2 protein chains.
Amino acid sequence: MRKGEATRARIIAEAARQAALRGLTGVSLADVADAVGLSKSGLFKHFESKEDMHIAVVESVMDRFGEAVWKPAEARAPGRARLEVVFERWLHWGETEWADSGCPIMALSVELDDQPGPLRDLLHKRLQGWRKTVVREFRALRDPPLSEAEAQAGYFQMKSFILGHSDARRMMGDADAQRSAAAAFDALLDRTARMAA
Amino acid sequence: MRKGEATRARIIAEAARQAALRGLTGVSLADVADAVGLSKSGLFKHFESKEDMHIAVVESVMDRFGEAVWKPAEARAPGRARLEVVFERWLHWGETEWADSGCPIMALSVELDDQPGPLRDLLHKRLQGWRKTVVREFRALRDPPLSEAEAQAGYFQMKSFILGHSDARRMMGDADAQRSAAAAFDALLDRTARMAA
DNA sequence: TGACAAAGTGACCGATCGTGCTCTTTTTAC
DNA sequence: GTAAAAAGAGCACGATCGGTCACTTTGTCA
């Protein structure tokens, strides 16, 4: 059963790669099987259906996101230091780790936001968890802590700049996208931390 | 030939509607034909191929965007008044006119940003034109005019808030998304207009 | 080492995909 | 009003889709 787990992981990774490019619906099982050196029917020893694979892809991508973005930040002090690492890693996640396709979470969000069902529910739940984590860091930006509303406003703008960076970089071909995003985020941290209690 | 143009327009509108939901690749000609009350082969009297229809969809969506967002703003004075209308109409475009599916331009951007070809080139060109238009308005925010770099930073953040609003509203179910976006944009206009020359 | 389960193959199914063909109906222009 | 042209229907095509089944190979554990 050890062998099977490794193969399953390879399938999920390849499916995630292709989903970031063509969308979950656009991924054909034949292409995934080919890419990992398996027959199409071999895939079905690891997943009951295509939707079952979709769920595994979403879980896997969100897990990898946590590893790549949150884990390096966790070592830093709460508040600004941590938020700076999160932002930098978040940009890096989309720009480097998924350079060919763009951030798969954004692709999944746009694809699933109007497709009710367990897949959307799963993504929603994982994204809400992430949002709560970041909002908590925003509260710690100031002493006394920011209000919940103030922290949520910070998260809204932070995520906006992440999305804006991806759009500018990938669709508009803006070579300065990273600088623009970093500058906007720095200014956001400055004025948020300085807000009167 | 009048009749044909009307039918063609109906096909494009329906294809755009479905593309906003499932992506351009996910739109099947049979579904579009059904929805407009045509046979599948009847579609091919109006388009040479599916990709030909894709091009028409992109052109049409961008034209409609201009009508819905830029045209109402054009009547206002350049600078802040115009930018405020643009932002308000831009939010409204995604939230109301495409309530079921989300803004088709965002869906197209995410789908096409990693798919080189004439379709991506077309969308890129149209979006660059729009960007130039908005940047020009940002320059007029202050007297003396903002520098090109300052105005571009303004556009980057404005578009970020639009994207953030869509994500918050559609994927995260945030009922306050519009307020968050409007507040962030207002503050952006304030501090941009106040910047020292 | 032998037995049993897990992993993987190949052929095949019905459905649907985009598209070409021929033919009929409708619209347009003189 | 009539003829040419445009619009559309119906059918069939090869390819590909997700998925099943019977079978063989490989890995694991006692």
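Quick caveat, the model's predicted, so the values are computed rather than measured. Lettering follows sequence order; numbering is per chain, from 1.
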Visitor: For B/Glu48 and C/dG18, give me the distance from atom CD to atom C1', rounded to whole Å.
Guide: 15 Å
Visitor: Provide the full list of side chain to side chain donor-acceptor pair (under 3.5 Å) pairs with a residue in residues 40-58 of chain B, sequence neighbours left out, each pair given once.
Guide: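 For residues 40-58 of chain B, and leaving out neighbouring residues, the side chain to side chain donor-acceptor pair (under 3.5 Å) pairs sorted by first residue read B/Ser39-B/Ser41.
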Visitor: Below 4.0 angstrom, which residues in residues 25-44 of chain B have at least one non-hydrogen atom near DNA chain C?
Guide: B/Val27, B/Ser28, B/Leu29, B/Ala30, B/Lys40, B/Ser41, B/Phe44
Visitor: Could you check whether any side-chain N or O of A/His92 sits under 3.5 Å from a backbone N or O of A/Glu97, counting only pairs where one atom can act as donor and the other as acceptor?
Guide: no
Visitor: What is the distance, rounded to the nearest whole Å, between atom CG of A/Leu24 and atom C1' of D/dC17?
Guide: 16 Å
Visitor: What is the distance, rounded to the nearest whole Å, between atom NE2 of B/His54 and atom P of C/dC17?
Guide: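 So the two atoms are 13 Å apart, to the nearest Å.
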Visitor: Taking the six-membered ring for Trp, are B/Phe161 and A/Phe161 ring centroids under 6.0 Å apart?
Guide: yes
Visitor: If you assign A/Glu51 and B/Thr7 each to the DNA chain D nucleotide with the nearest heavy atom, which residue ends up on the more 5' nucleotide?
Guide: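 Final value for this comparison: B/Thr7.
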Visitor: Write down the distance between CZ (B/Phe47) and C1' (C/dG20), rounded to a whole number of angstrom.
Guide: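 Nearest whole value for this atom pair: 18 Å.
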Visitor: Figure out the NZ/C1' separation between A/Lys50 and C/dT16, and round it to whole Å.
Guide: 13 Å
Visitor: Would you tabulate the side-chain donor-acceptor contacts of residues 183-192 of chain A under 3.5 Å, counting partners in other chains and residues two or more places apart, or write 'none'?
Guide:
residue	atom	partner	partner atom	Å
A/Asp190	OD1	A/Arg80	NH1	2.9
A/Asp190	OD1	A/Arg80	NH2	3.0
A/Arg191	NH2	A/Gln157	OE1	3.1
A/Thr192	OG1	A/Leu188	O	2.6

Visitor: Which residues pass the ring-ring contact (aromatic ring centres under 6.0 Å, His included) test with B/Phe65, sequence neighbours left out?
Guide: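 For B/Phe65, the residues satisfying ring-ring contact (aromatic ring centres under 6.0 Å, His included) (neighbours in sequence not counted) are B/Trp90, B/Trp93, B/Trp130.
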Visitor: Report yes or no: does A/Thr133 contribute a side-chain atom to a donor-acceptor pair with the main-chain N or O of A/Gly129 at less than 3.5 Å?
Guide: yes
Visitor: A/His46 side chain N/O closer than 4.0 Å to the phosphate oxygens (OP1, OP2) of C/dA6?
Guide: no
Visitor: Sequence neighbours left out, what passes salt bridge (charged side-chain N to carboxylate O under 4.0 Å, His left out) with B/Asp113? Give chain and number order.
Guide: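 Only A/Arg170 meet the salt bridge (charged side-chain N to carboxylate O under 4.0 Å, His left out) criterion with B/Asp113.
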Visitor: Can you confirm whether the side chains of B/Glu111 and B/Gln115 place a donor and an acceptor under 3.5 Å from each other?
Guide: no
Visitor: Will you find, in the side chains of A/Gln152 and A/Glu148, an N or O donor that is under 3.5 Å from an N or O acceptor?
Guide: yes
Visitor: Is any side-chain nitrogen or oxygen of A/Lys45 closer than 4.0 Å to OP1 or OP2 of C/dA6?
Guide: no
Visitor: Using the C1' atoms of the five pairs at each end, what is the angle between the end axes of the helix from C/dT1-D/dA30 to C/dC30-D/dG1, to 10°?
Guide: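 That helix gives 30° between its end axes.
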